[in-house]
Amino acid sequence: MQVTTLGQFIIERQGDFPYAKGELSRLLRDIGIAAKVVNREVNKAGLVDILGEYGTINIQGERVKKLDVYANEQFIAALSAGGETCAVASEENEGLVHINSIVSKNAKYVVCVDPLDGSSNIDVNVSIGTIFSIYRRTSFTGKVEEMDYLQRGTEQIAAGYVIYGSSTMLVYTTGKDVNGFTLDPSIGEFCLSHPNMKCPQEGTIYSINEGNYVHFPDGVKQFIKYCQVEDGPTSRPYSSRYIGSLVADFHRNLLKGGIFIYPSTLKSPQGKLRLLYECNPLALIIERAGGKASDGSRRILDIQPASLHQRTPLFIGSTNLVNLAEEMMLKYSPLAAH
Ligand code: AHG
Ligand code: MN
Ligand code: MN
């Protein structure tokens, strides 16, 4: 069977963009390179002293694990070496990481990245991931500013994720369809394994950390109750699946159908997940795969960002389940009482 590598696919698809000069192709290639390097360390994590608490606390107030730092360094290094992006906004850095090489300073793309998603699972050998989002810078000259990043998710040029799991996959979209590539370690190449991925309209999986149940909005509580009712014709009760790595929960629901919800909680009144480098990229992917992503009422991709690390509640997955959850949020929200 003819194998199509990520590199070949990117070049083939460059034709989708009539005026492309190859910058985006090279940028996607750079991300693929970093993913292979991080994958190598993830697979060795149990063997070298790269596990465990790195000791510092990142700007999210979370204890940083060494692999977070390593992954962050590798993605920034690969993007710097490639010269196709002029700055990176990363979960691991409070401010923008400017790439000041002669070539990169005039690059037209900016990248947002969650270098390692699911950090709490590093030590227990559970799937983790990387999430990335690519925009065209809006300023034309000079230093990249935060304003270059505060663009709606609809403006993304490309978005994708890597999942370091039983196999390592890279899934991305450039705004048309969604394609998945599985790493073949014997040749060190990502090979097209999931062309034109589609999310089932119906799903029977719900993913949410029910430990926060007490503080969930009433609409979410009602949705969970709905999922748990015995009802043969609608295949309920649904299955509860929650790994604690957004990328892994998202990837399963994208393939099998289902909904992932991280609503507002007492600890995270705006939700825990970050708009720029977790929610927007996955929202672009799920929409191009026929699914839906909202904050419980507003489309994620329409939210106008106000800061690099802003958080948002996230309801993402099969369209029918997201619609149902939104209906319940509307019906049972405090506003509905008036
Ligand atoms: P990160 O490791 O990049 O901080 O992301 C962790 C996120 C996400 O991956 C996961 O879905 C969520 O945190 C789990 O949060 P809870 O442990 O609060 O359920
Ligand atoms: Mn994350
Ligand atoms: Mn992270």
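Whatever order the structure lists ligands and atoms in, that order sets their numbers, starting from 1.
Residue nearest to atom 18 (O) of ligand 1, selected from Phe250, Tyr277, Tyr262: Tyr262 (by heavy-atom distance).
Using a 4.0 Å cut-off between charged side-chain N and carboxylate O, Arg311 and Glu278 make no salt bridge. With respect to the salt-bridge test (charged N to carboxylate O, under 4.0 angstrom), the residues Lys108 and Glu84 do not qualify. A salt bridge links Arg13 with Asp177; the closest basic N to acidic carboxylate O contact falls under 4.0 Å. A salt bridge links Glu91 to Arg274: one of the charged nitrogens lies within less than 4.0 Å of a carboxylate oxygen.
Taking both residues in full, the closest heavy atoms of Thr130 and Pro115 are given as OG1-O, 2.6 Å, listed atom of the first, atom of the second, then distance. Taking all atoms of both residues into account, the shortest heavy-atom contact from Gly244 to Ser120 is O-OG, 4.2 Å.
Proximity of Val229 to Lys225: side-chain heavy atoms (C-beta onward) are nowhere separated by under 4.5 Å. Two residues are said to be in side-chain contact when any heavy atoms from C-beta on lie closer than 4.5 Å; Thr265 and Pro269 fail this criterion. Side-chain contact between Lys36 and Glu189 is present, with heavy atoms from C-beta onward closer than 4.5 Å.
Distances from the Mn ion (ligand 2) under 2.8 Å pick out these protein N/O/S atoms: Asp114 OD2, Asp117 OD1, Glu278 OE2.
Atoms of ligand 1 found under 4.0 Å from any heavy atom of Gly118, numbered from 1 in the order shown, are 1 (P), 2 (O), 3 (O), 5 (O), 6 (C), 9 (O). Atoms of ligand 1 lying under 4.0 Å from at least one heavy atom of Glu278, given by number and element, are 3 (O), 5 (O). Atoms of ligand 1 lying under 4.0 Å from any heavy atom of Gly244, numbered from 1 in the order shown and given with element: 9 (O), 10 (C), 14 (C). Per-residue contacts place Lys272 under 4.0 angstrom from the following atoms of ligand 1 (heavy atoms of the residue considered): 12 (C), 13 (O), 14 (C), 15 (O), 16 (P), 17 (O), 18 (O). Residue-ligand proximity, Asp114 to ligand 1, at heavy-atom distances under 4.0 Å covers atoms 3 (O). Residue Leu116 has at least one heavy-atom neighbour below 4.0 Å for each of these atoms of ligand 1: 2 (O), 3 (O).
For the pair Asn209 and ligand 1, the shortest N or O to N or O distance falls below 3.5 Å. Considering backbone and side-chain atoms together, Val247 places no N or O closer than 3.5 Å to any N or O of ligand 1. Residue Leu246 has at least one nitrogen or oxygen atom sitting less than 3.5 Å from a nitrogen or oxygen atom of ligand 1, judged on distance alone. Between Arg274 and ligand 1, an N or O atom pair is found at a separation short of 3.5 Å. For the pair Asn212 and ligand 1, the shortest N or O to N or O distance does not fall below 3.5 Å.
Of all the heavy atoms of Ser245, the ones lying under 4.0 Å from any atom of ligand 1 belong exclusively to the backbone.
For Phe9 and Phe181, the ring centers are positioned less than 6.0 Å apart. For Tyr149 and Tyr135, the distance between ring centers is not under 6.0 angstrom.
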| message | Between Asp68 and Ile122, does the side-chain contact (heavy atoms from CB on, under 4.5 Å) criterion hold? Intermediate values first, please. | response | CA-CA 9 Å; Asp68 281 348; Ile122 292 172; 4.2 Å; yes
